[in-house]
S.K.: 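Could you have a look at this structure, given as structure tokens, before my questions?
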Amino acid sequence: MKMTGGYLPKIAGQPSGKVRTVDVPARLVIALHQDGLVFHPAVPDGARVQAGQIIADQEHPGGKLALPAPAGGTLKFEEDAKGLPVRLILTVSDHTPPQPAKRFTPGKAKPDELRKALAAGGIWQRLWSSSNGGPPPLDPADGTPGRIVVNTVLSEPFRTDSATLLQENREAFLAGLAFLPSLLADGGRLHLTATKAQADALGKMVASASLPQAPVIETVPLRYPIEHPQVLCDALRRACGDIQPGDILWVLDSQTVVAIGTCLQDGIALHSRLLAIGGPGATQPMHVRARIGTPLNSLLDATGTDGSRLVLRGGLFRGEPVSDSCTVEAHDDALFLLPRTDAREFLGFVSPGFDRRSILPCFASELTGAADRHVSVSLRGERRPCIACGLCESVCPVDLMPQVLHRYLYSDAIDNVEATGIDRCIDCGLCTYVCPSKIDLTHQFKTARERIRAEHAEAAATEAAHRHREEARQKERAKQKDAKR
Amino acid sequence: MKLIKNILESCRPLFEPGGRLRPLWPIFEAADNFFFSHREQTRHAPYGRDPIDVKRYMSLVIVALMPAFLAALYFFGPRVLLLVLVSYVAGGIVEVAFSVVRKEEINEGFLVTGFIFPLVLPPGLPLWMVAAGSIFGVLVGKEIFGGTGRNLFNAALVGRCFLAFAYPARMTSAWVAPRLGHWLEMPGSLAATAADATTMATPLGLAKSGELTSHWNLLVGNIGGCVGETSGFAILAGGLLLVAVGVANWRTITGGIVALLATAGILHAAMPDAVSPPLFQLLAGGWLFGIMFMATDPVSGPVTLAGKWTYGILIGVLTVLIRSFSGFVEGTMFAILFGNICAPLIDEAVIRLKRRRYARQRRVA
């Protein structure tokens with residue numbers, strides 16, 4: 001499969017294949033606001049819960065999404081100023097993983113039962129459907145996928161490495177692959193993406209497993225943001241001519257497939273995550289396995305990281321800063337550590353640049369192959385007006401012209417911004433990363449999209465009000481006419 | 001390093017809010033950020049950024065101009081240094097004055113404009129004319145539009161165009177024969193003007209009377225012509241470096257060169273007397289310098305990548321047409337300026353095509 005645009009910088013601090021399992025702390029904290037969803041407690045305050053028991057849920061088309069307890073213990077609510085619960089504090093009394101619930105056999109279970117089990121196991125919200133750009137509806141009547149794409153390539157520096165994940169979860173991954181065809185529509189197909197380097201090994205692994213439906217191995221470039229579901233779907237549609245416009249595509253990553261395998265084959269709900277901790281600020285870049293709800297600072301302690309770092313939840317491009325009080329959530333797979341530095345380099349712009357790497361091959365590291373060790377919280381340059389260098393357009397994975405959108409926004413031509421495809425933006429952050437004028441393009445586009453959405457909502461509300469008033473007036477007239485008669 | 005840091009830090013309070021020299025903050029900031037990297041931190045995702053910045057970008061252009069500049073020094077003597085100095089000082093004053101009045105940063109773009117401008121002038125031009133052209137170029141070509149990044153035209157070319165129209169006689173007669181490296185023996189040559197030097201017609205001028213300069217001489221540069229435009233080898237070396245590091249857009253250059261060769265090839269075959277052969281057109285005059293260093297100025301060209309092809313092609317075709325069928329001997333400058341005028345139009349066409357594609361894809365999805 002081919003992708004347009006994209007770029008992958010070589011950054012120092014790539015996590016090693018070593019996995020350290022972090023001890024389950026005495027207190028786990030589960031956020032009720034996650035993945036853009038708001039969960040509600042499903043058990044009373046102060047209740048004792050078993051590991052794997054549903055402790056919070058949320059209405060979703062066709063059923064309910066759930067958050068299972070990652071360990072056994074006593075649950076307490078933490079409320080916000082309005083008295084609404086925002087976090088669940090679990091005082092752990094039982095460290096053992098969740099007890100096996102119902103187990104299934106691939107090919108024999110009914111699809112709706114599998115769907116219910118995945119929702120109860122806290123996994124359904126990890127699926128992405130092209131029909132709504134989020135978790136698919138739970139009821140099979142609302143649509144079954146023509147294709148399921150399992151993506152093993154997480155290119156963003158630095159998300160969980162698939163090879164490391166599969167090393168310790170091979171069986172669960174294969175079990176997950178065995179269950180996925182049951183969720184497909186009739187005649188549907190399963191695809192497995194891999195880089196050129198990994199495709200052979202993955203193909204052999206899959207072939208040795210005697211799966212009910214062998215997935216089609218798709219080779220993808222190791223270029224960010226190939227892992228974005230929208231980018232993957234577009235690439236797949238281009239590569240396979242037989243996908244109809246109305247066909248539904250689901251995308252999930254390898255960690256989700258492992259969770260599906262564990263949940264359906266062993267009956268164990270999602271309770272832990274494998275996270276990559278890396279970046280130039282990481283003293284020991286590595287992978288850690290942690291129970292959901294574990295405070296992030298205990299993860300950082302485990303990898304010997306001190307406090308003078310900006311911790312990003314997610315990778316370099318999409319990661320947002322988090323405080324030490326945050327905890328591991330079900331979607332986490334990366335912590336990127338950026339050094340906080342105030343040091344100012346003498347005549348930095350003429351430096352040969354053995355320790356930095358740019359999209360433009362203008363530093364000496366191009367010759368040595370060295371990674372960028374200099375990336376930090378620094379803007380790395382002064383803010384300047386756009387010089388139309390075109391770098392943003394060349395890296396955009398969704399064929400946008402960020403420099404044109406920026407110019408429209410500069411002149412407040414919001415209609416032109418809308419007409420020039422701003423709704424296609426996937427917030428990958430690449431344009432902002434490469435901009436030599438240091439313009440916060442992604443942030444500008446996000447704000448513009450919100451503004452457009454608000455304007456549309458306002459216009460719709462005004463129109464509805466007009467319509468309502470007009471209808472009321474006509475009714476009134478009709479009444480008066482009737483009265484005259 | 002420490003000394004500079006101490007000086008800057010001790011001066012900082014004078015320029016900070018409440019300081020006596022507050023209005024001159026842009027000058028202090030420019031000096032501070034020249035010596036030490038900017039200290040600002042990221043405020044939005046992505047929180048880490050690529051090391052490329054406008055300073056590095058522009059310094060790469062300066063480095064790429066060095067072969068042409070050194071060749072000019074070799075062929076035309078130390079007066080070239082004086083031309084560059086005058087251009088920098090005169091244009092620099094305008095740039096700084098506008099930054100102070102606008103309370104905005106001094107932009108690195110000027111370092112390139114101030115360097116390119118003297119390289120596209122006849123070597124024997126009086127220094128006051130260089131100053132006048134530089135001031136006009138920076139003022140009218142750039143500052144009145146809002147500074148680097150907002151200008152419609154290539155500022156150096158606006159300055160040159162001004163001189164070409166204001167002083168046509170001087171601009172067409174100030175050609176000096178190259179001194180081939182003997183300039184060290186001529187200390188008095190610094191202030192020399194056209195009157196003191198041996199004049200020499202340019203290859204394009206000679207071509208009008210049917211005399212074609214050899215390709216080798218055009219490549220080496222021991223010919224008459226603008227300061228930095230005579231040596232094809234030096235320009236190609238710098239231009240290729242600029243393409244290799246990704247600063248000059250290869251689309252504009254490829255489009256331009258292919259269009260120039262094709263147009264000249266076709267027209268030369270049809271009208272050999274009126275149109276010079278394609279390879280001569282490629283190497284003679286300011287074409288190579290123009291397409292490598294001025295047509296690739298990203299700000300005054302189209303902003304869209306697809307537009308850069310059209311832009312290059314337009315410049316290539318126009319250059320041949322102006323050279324062959326107008327009263328002007330050289331057409332590169334007018335072709336690029338015309339390209340600058342058309343750039344927004346080219347962008348508009350590209351944007352409309354893209355919008356159509358978006359609509360089509362939306363229907364499919």
Side-chain angles (χ1 to χ4, degrees), chain A residues 9 11 245 310 312 316-321 338 342 344-350 353 356-363 372 374-391 393-394 399 401 403-404 407 419-421 424 429 432-438 440 442-443, chain B residues 1 4-5 29 32-60 105 107-109 146-150 244-247 249 251 297-305 308 347 350-351 354-355 357-358 361-365:
Chain A
I11 306 280
L310 179 73
L312 299 179
L316 170 63
F317 295 111
R318 293 168 65 98
E320 285 291 337
L338 273 176
D342 278 339
R344 300 180 70 195
E345 199 181 5
F346 183 63
L347 292 178
F349 69 102
V350 290
R356 66 206 68 185
R357 197 143 189 161
S358 167
I359 183 162
L360 293 186
C362 63
F363 290 104
D372 193 349
H374 222 253
V375 63
S376 69
V377 292
S378 165
L379 197 58
R380 300 178 102 180
E382 292 155 86
R383 293 185 193 275
R384 292 280 179 256
C386 171
I387 56 164
C389 62
L391 282 176
E393 188 184 343
S394 68
D399 194 27
M401 297 174 290
Q403 76 281 38
V404 173
R407 274 155 198 256
T420 320
R424 297 163 68 96
T432 315
Y433 180 80
V434 299
C435 180
S437 297
K438 310 296 169 190
D440 282 320
T442 314
H443 176 70
Chain B
M1 186 181 113
I4 299 171
K5 195 172 188 177
E29 195 196 24
D32 189 36
N33 286 334
F34 177 83
F35 288 111
F36 298 97
S37 55
H38 188 49
R39 63 167 96 212
E40 192 175 348
Q41 298 194 343
T42 48
R43 291 200 289 261
H44 303 286
Y47 286 86
R49 300 287 169 92
D50 190 282
I52 189 73
D53 65 346
V54 174
K55 262 200 181 66
R56 179 84 178 183
Y57 201 90
M58 295 301 175
S59 25
L60 288 168
E105 314 85 14
N107 212 304
E108 295 81 3
T148 303
R150 300 185 184 117
V245 295
V247 167
N249 200 291
R251 295 170 182 86
D297 165 22
V299 178
S300 53
V303 296
T304 55
L305 292 183
K308 292 190 197 276
D347 278 334
V350 172
I351 291 167
K354 271 267 169 99
R355 283 181 186 167
R357 195 197 296 175
Y358 294 158
Q361 287 172 353
R362 204 172 293 142
R363 275 199 301 275
V364 170

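Throughout, protein chains are lettered first and strands after them, A, B, ... in sequence-line order, and every chain is numbered starting at 1.
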S.K.: Which atoms form the tightest heavy-atom contact between A:E320 and B:A45, and what is the distance?
M.R.: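 That would be OE2-CB, 3.6 Å.
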
S.K.: Using a 4.5 angstrom heavy-atom cutoff, name the option from B:G109, B:G149, B:P298 with the most pairs to chain A.
M.R.: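 It is B:P298.
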
S.K.: Give, as side chain, backbone, both or neither, the part of A:E393 having an atom under 4.5 angstrom from any heavy atom of chain B.
M.R.: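 It is both, since atoms from each part get that close.
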
S.K.: With only heavy atoms counted, which part of A:H443 is less than 4.5 Å from chain B, the side chain, the backbone, both or neither?
M.R.: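 A:H443 touches chain B through side-chain heavy atoms alone.
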
S.K.: Can you tell which of A:C389, A:C435, A:G348 has the highest number of heavy-atom pairs within less than 4.5 Å of chain B?
M.R.: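 Top option by heavy-atom pairs under 4.5 Å: A:C389.
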
S.K.: Kindly determine whether A:R384 and B:E105 satisfy salt bridge (charged side-chain N to carboxylate O under 4.0 Å, His left out), including the steps that lead there.
M.R.: CA-CA 8 Å; A:R384 292 280 179 256; B:E105 314 85 14; 3.5 Å; yes

S.K.: Side chain, backbone, both or neither: which part of A:L338 has a non-hydrogen atom closer than 4.5 Å to chain B?
M.R.: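 Answer is side chain: those atoms of A:L338 sit under 4.5 Å from chain B.
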
S.K.: Pick from B:I52, B:T42, B:D297: which one has the most heavy-atom pairs with chain A under 4.5 Å?
M.R.: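 Highest number of pairs under 4.5 Å: B:I52.
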
S.K.: Could you go step by step and tell me if B:K55 and A:L347 meet the side-chain contact (heavy atoms from CB on, under 4.5 Å) rule?
M.R.: CA-CA 10 Å; B:K55 262 200 181 66; A:L347 292 178; over 6 Å; no

S.K.: Please lay out, stage by stage, how B:R49 and A:D440 fare under the test salt bridge (charged side-chain N to carboxylate O under 4.0 Å, His left out).
M.R.: CA-CA 11 Å; B:R49 300 287 169 92; A:D440 282 320; 2.6 Å; yes

S.K.: Would you mind telling me which of A:D399, A:L391, A:V404 has the largest number of heavy-atom pairs within less than 4.5 Å of chain B?
M.R.: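 With the most close heavy-atom pairs to chain B, the winner is A:D399.
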
S.K.: Can you say whether A:S437 sits under 4.5 Å from chain B via the side chain, the backbone, both, or neither, judging by heavy atoms?
M.R.: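 Both backbone and side chain.
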
S.K.: For chain B, find which of A:P436, A:P321, A:G381 contributes the most heavy-atom pairs closer than 4.5 angstrom.
M.R.: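 Ranked by heavy-atom pairs under 4.5 Å with chain B, first place is A:P436.
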
S.K.: Quick check for you: among A:G319, A:C362, A:P9, which has the greatest number of heavy-atom pairs under 4.5 Å with chain B?
M.R.: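 The option with the most such pairs is A:C362.
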
S.K.: Checking B:S59 against chain A: side chain, backbone, both or neither under 4.5 Å from a heavy atom?
M.R.: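 Contact with chain A: side chain only.
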
S.K.: Tell me, side chain or backbone of B:F35 under 4.5 Å from chain A's heavy atoms, or both, or neither?
M.R.: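 For B:F35, backbone and side chain are both near chain A.
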
S.K.: Give the intermediate values and the outcome of side-chain contact (heavy atoms from CB on, under 4.5 Å) for residues A:F363 and B:R56.
M.R.: CA-CA 10 Å; A:F363 290 104; B:R56 179 84 178 183; 3.4 Å; yes

S.K.: Taking C-beta and beyond as the side chain, do A:P385 and B:N107 meet within less than 4.5 Å on heavy atoms?
M.R.: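 The answer is yes, as the side chains (C-beta and beyond) meet within the 4.5 Å cut-off.
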
S.K.: Just to verify, which of A:V377, A:L310, A:L379 counts as forming a side-chain contact (heavy atoms from CB on, under 4.5 Å) with B:Y47?
M.R.: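 Only match with B:Y47 under side-chain contact (heavy atoms from CB on, under 4.5 Å): A:L310.
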
S.K.: Show the nearest heavy-atom pair for residues B:P46 and A:G429, with the distance to one decimal.
M.R.: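 B:P46 and A:G429 have their closest heavy atoms at CG-O, 3.2 Å.
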
S.K.: Between A:R424, A:R318, A:R407, A:R357, who has the most heavy-atom pairs with chain B when the cutoff is under 4.5 Å?
M.R.: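 Maximum pair count with chain B is reached by A:R424.
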
S.K.: Under 4.5 Å from any heavy atom of chain B, what part of A:I387 do you find: side chain, backbone, both or neither?
M.R.: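 For A:I387, heavy atoms of backbone and side chain both lie under 4.5 Å from chain B.
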
S.K.: At their closest point, which heavy atom of B:G246 faces which heavy atom of A:P361, and how far apart are they?
M.R.: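 For B:G246 and A:P361, the tightest heavy-atom pair comes out as N-CD, 4.4 Å.
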
S.K.: Starting at CD1 of B:I351, measure out to OG1 of A:T420 and round the result to the nearest 0.5 Å.
M.R.: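 It is 6.0 Å, given to the nearest 0.5 Å.
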
S.K.: What part of A:C386 is in contact with chain B, defined as an atom under 4.5 angstrom from a non-hydrogen atom: side chain, backbone, both or neither?
M.R.: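 Contact with chain B: backbone only.
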
S.K.: Find the one option among A:V434, A:T432, A:V375, A:D372 whose heavy-atom pairs under 4.5 Å with chain B are most numerous.
M.R.: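 When all of A:V434, A:T432, A:V375, A:D372 are compared, A:T432 has the most.
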
S.K.: With side chains defined as the heavy atoms from C-beta onward, is the minimum distance between B:E40 and A:K438 less than 4.5 Å?
M.R.: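 Contact flag for B:E40/A:K438 side chains = no.
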
S.K.: Quick one: what part of B:L305 sits under 4.5 Å from any heavy atom of chain A, side chain, backbone, both or neither?
M.R.: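 It is both, since atoms from each part get that close.
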
S.K.: Non-hydrogen atoms of chain A under 4.5 Å away: do they reach the side chain of B:R39, the backbone, both or neither?
M.R.: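 For B:R39, backbone and side chain are both near chain A.
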
S.K.: In Å, rounded to the nearest 0.5 Å, how long is the span from CZ of A:R380 to NE2 of B:H38?
M.R.: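 A:R380 CZ to B:H38 NE2: 14.0 Å, rounded to 0.5 Å.
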
S.K.: Which answer fits B:K308, side chain, backbone, both or neither, if we ask what part of it has an atom under 4.5 Å from a heavy atom of chain A?
M.R.: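 Side chain of B:K308 only, per the 4.5 Å heavy-atom cut-off to chain A.
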
S.K.: How long is the span from the CZ atom in B:F36 to the CZ atom in A:F349, to the nearest 0.5 Å?
M.R.: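 Those atoms lie 12.0 Å apart.
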
